[in-house]
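Each ligand, and each atom within it, is numbered from 1 in the order the structure gives.
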Amino acid sequence: MKIAVAKEIDPSEPRVAASPDTVKKFKALGAEIAVEPGAGLKSGLPDSEFTAVGATVSADALKDADIIIKVKRPEASELAQYKRGALVIAIMDPYGNEAALKTIADAGVSAFAMELMPRITRAQVMDVLSSQANLAGYRAVIEGAEAFGRAFPMMMTAAGTVPAAKVFVMGVGVAGLQAIATARRLGAVVTATDVRPATKEQVESLGAKFLAVEDEEFKNAQTAGGYAKEMSREYQAKQAALTAEHIKKQDIVITTALIPGRPAPKLVSAEMVKSMKPGSVLVDLAVERGGNVEGAKPGEVVDLDGIKIVGYTNVAGRVAASASSLYARNLFSFVETMVDKKEKKLAVNWDDELVKATALTKDGAVIHPNFQPKV
Ligand code: NAD
(Lines give C-alpha, C1' and ligand atoms only; values in the text may rest on other atoms or scores of the structure.)
Protein backbone atom coordinates (compact mmCIF):
# COMPACT_ATOMS: atom_id res chain seq x y z
CA MET A 1 0.00 0.00 0.00
CA LYS A 2 1.70 3.14 -1.24
CA ILE A 3 0.53 6.53 -0.02
CA ALA A 4 1.76 9.76 -1.58
CA VAL A 5 1.64 13.18 0.05
CA ALA A 6 1.22 15.74 -2.74
CA LYS A 7 2.75 19.19 -2.82
CA GLU A 8 0.00 21.70 -3.51
CA ILE A 9 0.41 23.45 -6.85
CA ASP A 10 -1.80 26.40 -5.92
CA PRO A 11 0.70 28.98 -4.63
CA SER A 12 -1.93 30.38 -2.25
CA GLU A 13 -2.33 27.02 -0.50
CA PRO A 14 0.22 26.63 2.31
CA ARG A 15 -1.28 23.55 3.92
CA VAL A 16 -0.12 19.96 3.53
CA ALA A 17 -2.08 16.74 3.97
CA ALA A 18 0.33 14.86 6.25
CA SER A 19 2.39 15.51 9.35
CA PRO A 20 5.25 13.55 10.93
CA ASP A 21 2.66 12.26 13.39
CA THR A 22 0.37 10.85 10.68
CA VAL A 23 3.30 9.47 8.67
CA LYS A 24 4.18 7.37 11.72
CA LYS A 25 0.58 6.22 12.00
CA PHE A 26 0.38 5.35 8.30
CA LYS A 27 3.57 3.35 8.62
CA ALA A 28 2.11 1.47 11.56
CA LEU A 29 -0.76 0.50 9.24
CA GLY A 30 1.80 -1.04 6.92
CA ALA A 31 1.92 1.74 4.32
CA GLU A 32 4.90 3.10 2.45
CA ILE A 33 4.83 6.90 2.44
CA ALA A 34 6.34 9.05 -0.28
CA VAL A 35 6.29 12.82 -0.02
CA GLU A 36 6.77 15.25 -2.89
CA PRO A 37 9.76 17.51 -2.21
CA GLY A 38 8.85 20.70 -0.37
CA ALA A 39 5.27 19.57 0.30
CA GLY A 40 5.34 20.70 3.92
CA LEU A 41 7.61 23.73 3.67
CA LYS A 42 4.90 26.38 3.95
CA SER A 43 3.52 24.59 7.01
CA GLY A 44 6.88 24.65 8.75
CA LEU A 45 7.68 21.05 7.79
CA PRO A 46 10.89 20.68 5.78
CA ASP A 47 11.46 17.36 4.00
CA SER A 48 13.77 16.25 6.81
CA GLU A 49 10.82 16.17 9.21
CA PHE A 50 9.20 13.53 6.99
CA THR A 51 12.34 11.48 6.29
CA ALA A 52 13.07 11.41 10.03
CA VAL A 53 9.91 9.36 10.55
CA GLY A 54 10.53 6.96 7.69
CA ALA A 55 8.93 8.62 4.65
CA THR A 56 10.80 8.87 1.37
CA VAL A 57 10.93 12.23 -0.34
CA SER A 58 10.80 11.91 -4.10
CA ALA A 59 9.76 13.87 -7.17
CA ASP A 60 8.13 10.62 -8.38
CA ALA A 61 6.08 10.21 -5.21
CA LEU A 62 2.74 10.29 -7.00
CA LYS A 63 3.55 7.87 -9.80
CA ASP A 64 2.68 4.45 -8.34
CA ALA A 65 0.69 5.64 -5.34
CA ASP A 66 -2.43 3.72 -4.40
CA ILE A 67 -3.64 6.68 -2.36
CA ILE A 68 -2.80 10.33 -2.95
CA ILE A 69 -3.55 12.66 -0.07
CA LYS A 70 -3.66 16.38 -0.63
CA VAL A 71 -5.41 19.57 0.40
CA LYS A 72 -7.09 20.91 -2.75
CA ARG A 73 -8.89 19.24 -5.63
CA PRO A 74 -6.32 18.00 -8.19
CA GLU A 75 -6.05 19.79 -11.50
CA ALA A 76 -5.63 18.07 -14.86
CA SER A 77 -1.83 18.43 -14.77
CA GLU A 78 -1.76 16.66 -11.42
CA LEU A 79 -4.21 13.97 -12.45
CA ALA A 80 -1.96 13.09 -15.38
CA GLN A 81 0.62 11.88 -12.85
CA TYR A 82 -1.72 9.56 -10.91
CA LYS A 83 -2.14 5.93 -11.84
CA ARG A 84 -5.62 4.84 -12.92
CA GLY A 85 -7.55 3.33 -10.05
CA ALA A 86 -5.71 5.36 -7.42
CA LEU A 87 -7.69 6.96 -4.60
CA VAL A 88 -7.29 10.71 -4.17
CA ILE A 89 -8.54 12.34 -1.02
CA ALA A 90 -8.76 16.11 -0.58
CA ILE A 91 -11.04 19.06 0.05
CA MET A 92 -12.72 18.85 -3.36
CA ASP A 93 -15.01 21.90 -3.36
CA PRO A 94 -17.48 20.02 -5.58
CA TYR A 95 -20.48 22.40 -5.58
CA GLY A 96 -20.67 24.22 -8.89
CA ASN A 97 -17.54 22.46 -10.11
CA GLU A 98 -19.12 19.61 -12.05
CA ALA A 99 -16.74 20.04 -15.00
CA ALA A 100 -13.73 19.55 -12.73
CA LEU A 101 -15.34 16.41 -11.30
CA LYS A 102 -15.79 15.05 -14.82
CA THR A 103 -12.05 15.64 -15.47
CA ILE A 104 -11.25 13.67 -12.32
CA ALA A 105 -13.59 10.85 -13.36
CA ASP A 106 -12.01 10.76 -16.82
CA ALA A 107 -8.59 10.29 -15.20
CA GLY A 108 -9.91 7.01 -13.81
CA VAL A 109 -9.22 7.84 -10.17
CA SER A 110 -11.56 7.53 -7.22
CA ALA A 111 -11.90 10.94 -5.60
CA PHE A 112 -13.16 11.55 -2.07
CA ALA A 113 -14.28 14.92 -0.73
CA MET A 114 -13.36 15.30 2.93
CA GLU A 115 -15.82 18.15 3.40
CA LEU A 116 -18.75 15.83 2.60
CA MET A 117 -18.00 13.66 5.64
CA PRO A 118 -21.24 13.12 7.55
CA ARG A 119 -21.34 14.92 10.88
CA ILE A 120 -21.95 11.81 12.93
CA THR A 121 -20.13 10.80 16.09
CA ARG A 122 -18.01 8.17 14.36
CA ALA A 123 -16.71 10.69 11.84
CA GLN A 124 -16.06 13.58 14.23
CA VAL A 125 -12.32 12.91 14.10
CA MET A 126 -12.49 13.25 10.28
CA ASP A 127 -14.45 16.50 10.27
CA VAL A 128 -12.32 18.92 8.25
CA LEU A 129 -15.03 21.56 8.19
CA SER A 130 -14.81 21.78 11.96
CA SER A 131 -11.03 21.54 12.29
CA GLN A 132 -10.45 24.23 9.69
CA ALA A 133 -13.39 26.48 10.67
CA ASN A 134 -12.21 26.47 14.26
CA LEU A 135 -8.82 27.88 13.21
CA ALA A 136 -10.43 30.29 10.76
CA GLY A 137 -12.65 31.66 13.53
CA TYR A 138 -9.61 32.20 15.73
CA ARG A 139 -7.61 33.79 12.94
CA ALA A 140 -10.49 36.08 11.88
CA VAL A 141 -10.25 37.79 15.26
CA ILE A 142 -6.48 38.11 14.96
CA GLU A 143 -6.90 39.67 11.49
CA GLY A 144 -9.59 41.98 12.85
CA ALA A 145 -7.38 43.04 15.75
CA GLU A 146 -4.46 43.66 13.39
CA ALA A 147 -6.52 45.85 11.06
CA PHE A 148 -8.25 47.67 13.93
CA GLY A 149 -5.24 49.65 15.10
CA ARG A 150 -6.66 50.03 18.62
CA ALA A 151 -6.50 47.83 21.69
CA PHE A 152 -9.12 45.15 22.41
CA PRO A 153 -9.13 45.13 26.22
CA MET A 154 -10.20 48.04 28.38
CA MET A 155 -7.09 49.66 29.82
CA MET A 156 -7.26 52.12 32.69
CA THR A 157 -3.94 53.88 32.81
CA ALA A 158 -2.55 57.07 34.33
CA ALA A 159 -2.64 58.54 30.83
CA GLY A 160 -6.33 57.78 30.39
CA THR A 161 -8.74 54.96 29.69
CA VAL A 162 -8.84 52.88 26.53
CA PRO A 163 -12.36 51.46 26.07
CA ALA A 164 -12.86 47.75 25.37
CA ALA A 165 -13.44 46.97 21.70
CA LYS A 166 -16.96 45.95 20.74
CA VAL A 167 -17.02 42.80 18.61
CA PHE A 168 -20.13 41.45 16.86
CA VAL A 169 -20.00 37.88 15.51
CA MET A 170 -22.61 36.97 12.88
CA GLY A 171 -23.11 33.23 12.39
CA VAL A 172 -22.30 31.07 15.38
CA GLY A 173 -21.25 27.69 13.98
CA VAL A 174 -17.82 26.26 14.65
CA ALA A 175 -15.95 29.35 13.35
CA GLY A 176 -18.25 31.81 15.07
CA LEU A 177 -17.97 30.12 18.45
CA GLN A 178 -14.18 30.16 18.27
CA ALA A 179 -14.28 33.82 17.17
CA ILE A 180 -16.39 34.68 20.21
CA ALA A 181 -14.05 32.80 22.55
CA THR A 182 -10.96 34.42 21.01
CA ALA A 183 -12.39 37.96 21.11
CA ARG A 184 -13.43 37.44 24.74
CA ARG A 185 -9.92 36.22 25.63
CA LEU A 186 -8.53 39.42 24.12
CA GLY A 187 -10.85 41.45 26.34
CA ALA A 188 -13.50 42.61 23.88
CA VAL A 189 -17.18 43.07 24.70
CA VAL A 190 -18.80 40.50 22.43
CA THR A 191 -22.29 40.12 20.98
CA ALA A 192 -23.34 37.46 18.49
CA THR A 193 -26.25 36.44 16.30
CA ASP A 194 -27.45 33.35 14.46
CA VAL A 195 -30.72 32.03 13.09
CA ARG A 196 -30.50 28.69 14.90
CA PRO A 197 -32.04 28.85 18.40
CA ALA A 198 -29.53 26.32 19.79
CA THR A 199 -26.80 28.92 19.43
CA LYS A 200 -28.31 31.28 22.02
CA GLU A 201 -27.20 29.17 24.96
CA GLN A 202 -23.79 28.52 23.36
CA VAL A 203 -23.19 32.25 22.91
CA GLU A 204 -24.21 33.01 26.46
CA SER A 205 -22.07 30.20 27.88
CA LEU A 206 -19.05 31.94 26.33
CA GLY A 207 -19.87 35.17 28.12
CA ALA A 208 -21.22 36.99 25.07
CA LYS A 209 -24.64 38.55 24.55
CA PHE A 210 -27.06 37.00 22.03
CA LEU A 211 -29.01 39.17 19.64
CA ALA A 212 -31.57 37.82 17.14
CA VAL A 213 -35.10 38.13 15.84
CA GLU A 214 -36.59 35.30 17.93
CA ASP A 215 -39.89 34.73 16.08
CA GLU A 216 -41.67 31.51 14.97
CA GLU A 217 -39.41 31.10 11.91
CA PHE A 218 -36.32 31.38 14.13
CA LYS A 219 -37.66 28.56 16.31
CA ASN A 220 -37.64 26.25 13.25
CA ALA A 221 -34.53 27.49 11.47
CA GLN A 222 -32.36 24.48 12.18
CA THR A 223 -32.47 21.51 9.80
CA ALA A 224 -32.35 17.92 11.03
CA GLY A 225 -28.67 17.92 10.01
CA GLY A 226 -27.94 20.80 12.42
CA TYR A 227 -27.49 23.43 9.73
CA ALA A 228 -29.33 26.69 9.09
CA LYS A 229 -32.20 26.94 6.60
CA GLU A 230 -32.30 29.75 4.10
CA MET A 231 -34.54 32.33 5.80
CA SER A 232 -37.59 34.02 4.24
CA ARG A 233 -37.42 37.56 2.87
CA GLU A 234 -39.60 38.76 5.74
CA TYR A 235 -37.24 37.30 8.31
CA GLN A 236 -34.23 38.74 6.52
CA ALA A 237 -35.82 42.20 6.58
CA LYS A 238 -36.49 42.01 10.33
CA GLN A 239 -32.98 40.67 10.90
CA ALA A 240 -31.49 43.51 8.83
CA ALA A 241 -33.37 46.14 10.82
CA LEU A 242 -32.10 44.74 14.11
CA THR A 243 -28.58 44.32 12.79
CA ALA A 244 -28.43 47.82 11.30
CA GLU A 245 -29.01 49.48 14.65
CA HIS A 246 -26.46 47.26 16.38
CA ILE A 247 -23.69 47.45 13.80
CA LYS A 248 -23.49 51.25 14.01
CA LYS A 249 -22.07 50.89 17.51
CA GLN A 250 -19.58 48.08 16.81
CA ASP A 251 -15.81 48.29 16.27
CA ILE A 252 -15.31 44.87 14.71
CA VAL A 253 -17.83 42.69 12.87
CA ILE A 254 -16.90 39.10 12.07
CA THR A 255 -19.22 37.25 9.72
CA THR A 256 -19.21 33.46 9.28
CA ALA A 257 -22.75 32.69 8.08
CA LEU A 258 -23.12 29.85 5.59
CA ILE A 259 -25.92 27.68 4.23
CA PRO A 260 -24.79 24.31 2.83
CA GLY A 261 -24.89 24.20 -0.97
CA ARG A 262 -26.23 27.78 -1.25
CA PRO A 263 -24.58 31.18 -1.62
CA ALA A 264 -23.77 32.82 1.72
CA PRO A 265 -26.60 35.02 3.04
CA LYS A 266 -26.02 38.79 2.65
CA LEU A 267 -26.20 40.09 6.21
CA VAL A 268 -24.41 43.43 6.11
CA SER A 269 -25.44 45.97 3.45
CA ALA A 270 -23.20 48.72 2.07
CA GLU A 271 -25.31 51.17 4.06
CA MET A 272 -24.67 49.31 7.30
CA VAL A 273 -20.94 49.32 6.56
CA LYS A 274 -21.08 53.07 5.96
CA SER A 275 -22.86 53.62 9.28
CA MET A 276 -19.84 52.35 11.22
CA LYS A 277 -17.20 54.63 12.75
CA PRO A 278 -13.94 55.23 10.85
CA GLY A 279 -11.37 52.72 12.08
CA SER A 280 -13.97 49.94 12.30
CA VAL A 281 -13.23 46.58 10.71
CA LEU A 282 -15.37 43.87 9.14
CA VAL A 283 -13.89 40.40 8.58
CA ASP A 284 -15.93 38.31 6.13
CA LEU A 285 -15.12 34.62 6.48
CA ALA A 286 -17.86 33.75 3.97
CA VAL A 287 -16.23 35.77 1.18
CA GLU A 288 -15.35 32.68 -0.89
CA ARG A 289 -19.03 31.67 -0.95
CA GLY A 290 -20.29 35.08 -2.11
CA GLY A 291 -19.76 36.93 1.17
CA ASN A 292 -21.96 38.10 4.05
CA VAL A 293 -20.80 41.70 3.69
CA GLU A 294 -21.65 43.81 0.68
CA GLY A 295 -18.43 45.11 -0.88
CA ALA A 296 -16.17 42.34 0.51
CA LYS A 297 -13.67 41.17 -2.11
CA PRO A 298 -12.01 37.73 -2.02
CA GLY A 299 -8.33 38.03 -1.12
CA GLU A 300 -8.48 41.79 -0.50
CA VAL A 301 -8.74 44.32 2.28
CA VAL A 302 -11.14 47.00 1.03
CA ASP A 303 -10.76 50.40 2.70
CA LEU A 304 -13.90 52.57 2.55
CA ASP A 305 -13.02 55.95 4.05
CA GLY A 306 -11.26 54.32 7.00
CA ILE A 307 -13.63 51.36 7.41
CA LYS A 308 -11.90 48.16 6.40
CA ILE A 309 -13.52 45.03 4.99
CA VAL A 310 -11.09 42.12 5.32
CA GLY A 311 -11.81 39.44 2.72
CA TYR A 312 -8.92 37.02 3.10
CA THR A 313 -9.54 33.61 1.56
CA ASN A 314 -8.29 30.34 3.02
CA VAL A 315 -8.13 31.87 6.48
CA ALA A 316 -7.32 28.53 8.11
CA GLY A 317 -4.27 28.47 5.80
CA ARG A 318 -3.09 31.64 7.54
CA VAL A 319 -2.43 29.42 10.55
CA ALA A 320 -0.87 26.84 8.24
CA ALA A 321 1.10 24.69 10.69
CA SER A 322 -1.88 24.16 12.99
CA ALA A 323 -4.32 23.76 10.10
CA SER A 324 -2.11 21.13 8.42
CA SER A 325 -1.60 19.22 11.63
CA LEU A 326 -5.36 18.92 12.25
CA TYR A 327 -6.20 18.29 8.60
CA ALA A 328 -3.57 15.54 8.45
CA ARG A 329 -5.15 13.89 11.46
CA ASN A 330 -8.64 14.13 9.89
CA LEU A 331 -7.32 12.47 6.73
CA PHE A 332 -5.47 9.73 8.53
CA SER A 333 -8.58 8.81 10.47
CA PHE A 334 -10.54 8.43 7.23
CA VAL A 335 -7.86 6.43 5.41
CA GLU A 336 -7.56 4.15 8.44
CA THR A 337 -11.17 3.03 7.86
CA MET A 338 -10.19 1.89 4.35
CA VAL A 339 -7.40 -0.40 5.44
CA ASP A 340 -7.58 -4.06 6.37
CA LYS A 341 -5.40 -3.96 9.45
CA LYS A 342 -4.68 -7.70 9.54
CA GLU A 343 -3.68 -7.97 5.90
CA LYS A 344 -2.13 -4.48 5.98
CA LYS A 345 -3.67 -3.61 2.64
CA LEU A 346 -6.23 -1.32 1.13
CA ALA A 347 -9.81 -2.64 1.44
CA VAL A 348 -12.37 0.05 0.64
CA ASN A 349 -15.89 -0.85 1.72
CA TRP A 350 -17.94 1.00 -0.87
CA ASP A 351 -21.07 0.41 1.21
CA ASP A 352 -19.68 2.21 4.26
CA GLU A 353 -21.71 5.38 4.90
CA LEU A 354 -18.52 7.48 5.16
CA VAL A 355 -17.33 6.23 1.77
CA LYS A 356 -20.77 6.66 0.21
CA ALA A 357 -21.06 10.22 1.49
CA THR A 358 -17.64 11.34 0.29
CA ALA A 359 -16.93 9.33 -2.89
CA LEU A 360 -17.29 11.57 -5.94
CA THR A 361 -15.84 9.46 -8.75
CA LYS A 362 -15.05 5.81 -9.45
CA ASP A 363 -14.26 3.69 -12.53
CA GLY A 364 -14.39 6.68 -14.88
CA ALA A 365 -17.72 8.08 -13.69
CA VAL A 366 -19.04 10.67 -11.25
CA ILE A 367 -20.86 8.46 -8.73
CA HIS A 368 -22.03 10.93 -6.08
CA PRO A 369 -25.79 11.48 -6.41
CA ASN A 370 -25.50 15.23 -5.72
CA PHE A 371 -23.11 15.88 -8.58
CA GLN A 372 -24.50 13.89 -11.47
CA PRO A 373 -23.93 15.54 -14.85
CA LYS A 374 -27.06 17.41 -15.96
CA VAL A 375 -28.76 15.91 -19.02
P1 NAD B 1 -21.91 26.60 8.80
O2 NAD B 1 -20.49 26.82 8.49
O3 NAD B 1 -22.77 25.89 7.81
O4 NAD B 1 -22.62 28.02 9.08
C5 NAD B 1 -22.10 28.91 10.03
C6 NAD B 1 -23.21 29.49 10.84
O7 NAD B 1 -23.95 30.44 10.08
C8 NAD B 1 -24.24 28.47 11.35
O9 NAD B 1 -24.29 28.52 12.76
C10 NAD B 1 -25.55 28.95 10.73
O11 NAD B 1 -26.66 28.72 11.57
C12 NAD B 1 -25.27 30.43 10.55
N13 NAD B 1 -26.18 31.11 9.63
C14 NAD B 1 -26.71 30.68 8.45
N15 NAD B 1 -27.53 31.60 7.92
C16 NAD B 1 -27.54 32.65 8.78
C17 NAD B 1 -28.21 33.91 8.79
N18 NAD B 1 -29.05 34.26 7.82
N19 NAD B 1 -28.00 34.74 9.84
C20 NAD B 1 -27.16 34.38 10.85
N21 NAD B 1 -26.49 33.20 10.89
C22 NAD B 1 -26.69 32.35 9.87
O23 NAD B 1 -22.08 25.89 10.21
P24 NAD B 1 -21.05 24.93 10.97
O25 NAD B 1 -20.02 25.73 11.65
O26 NAD B 1 -20.61 23.90 10.02
O27 NAD B 1 -21.99 24.31 12.10
C28 NAD B 1 -23.34 23.97 11.86
C29 NAD B 1 -23.86 23.05 12.94
O30 NAD B 1 -23.26 21.77 12.86
C31 NAD B 1 -23.62 23.52 14.35
O32 NAD B 1 -24.77 23.20 15.10
C33 NAD B 1 -22.49 22.68 14.83
O34 NAD B 1 -22.46 22.54 16.25
C35 NAD B 1 -22.84 21.40 14.16
N36 NAD B 1 -21.69 20.50 14.07
C37 NAD B 1 -21.85 19.19 14.39
C38 NAD B 1 -20.77 18.34 14.32
C39 NAD B 1 -20.90 16.88 14.68
O40 NAD B 1 -21.91 16.49 15.21
N41 NAD B 1 -19.91 16.09 14.38
C42 NAD B 1 -19.55 18.79 13.91
C43 NAD B 1 -19.43 20.13 13.57
C44 NAD B 1 -20.51 20.98 13.66
Side-chain angles (χ1 to χ4, degrees), residues 91 93 95 113-140 168-181 191-203 205-206 208 210-215 217-244 246-247 253-269 272 282-294 315-316 326-327 329-330 333-334 353-354 357-358:
I91 300 169
D93 190 18
Y95 288 103
M114 285 299 288
E115 70 268 53
L116 298 182
M117 197 64 72
R119 283 180 143 175
I120 55 174
T121 308
R122 179 183 160 221
Q124 242 167 12
V125 61
M126 308 164 205
D127 184 352
V128 295
L129 291 180
S130 290
S131 72
Q132 305 303 294
N134 198 20
L135 287 164
Y138 157 79
R139 185 69 192 198
F168 181 37
V169 177
M170 305 184 75
V172 192
V174 178
L177 284 173
Q178 186 56 256
I180 295 172
T191 49
T193 188
D194 201 295
V195 292
R196 290 181 300 113
T199 58
K200 182 176 183 169
E201 204 186 311
Q202 294 165 353
V203 167
S205 74
L206 289 170
F210 188 70
L211 179 91
V213 176
E214 299 183 43
D215 63 4
E217 189 176 348
F218 171 83
K219 286 183 192 142
N220 299 303
Q222 180 156 321
T223 64
Y227 290 105
K229 288 182 188 159
E230 192 160 26
M231 305 304 275
S232 69
R233 278 178 179 236
E234 295 77 58
Y235 185 92
Q236 286 177 33
K238 285 194 263 179
Q239 187 186 30
L242 182 73
T243 307
H246 189 64
I247 278 186
V253 175
I254 293 175
T255 68
T256 77
L258 292 176
I259 301 156
R262 304 277 310 141
K266 276 276 174 288
L267 300 178
V268 182
S269 65
M272 291 184 209
L282 299 103
V283 181
D284 190 346
L285 279 189
V287 73
E288 282 162 271
R289 299 267 298 276
N292 297 138
V293 179
E294 204 176 324
V315 175
L326 298 185
Y327 179 63
R329 216 29 207 277
N330 294 143
S333 303
F334 182 41
E353 62 180 320
L354 306 187
T358 55

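Of the listed residues (I254, V169, T191), just one forms a side-chain contact (heavy atoms from CB on, under 4.5 Å) with I180, and that residue is V169.
A donor-acceptor pair under 3.5 Å is absent between the side-chain atoms of K229 and the main chain of V195, judged by distance alone.
Taking a heavy-atom cut-off of under 4.0 Å, ligand 1 is surrounded by R119, Q124, D127, S130, G171, V172, G173, V174, D194, V195, R196, G226, Y227, A228, Q239, T256, A257, L258, I259, P265, L267.
For A133, the side chain to side chain contact (heavy atoms under 4.5 Å, CB included) partners are V174, A175, not counting sequence neighbours. With sequence neighbours excluded, the residues forming a side chain to side chain contact (heavy atoms under 4.5 Å, CB included) with D93 are R73, N97, E115, listed by chain and number. Y227 meets the ring pair (Phe, Tyr, Trp, His ring centres under 6.0 Å) test with no other residue; sequence neighbours excluded.
When side chains are defined from C-beta on, L211 does not count as touching V203, because their heavy atoms never get closer than 4.5 Å.
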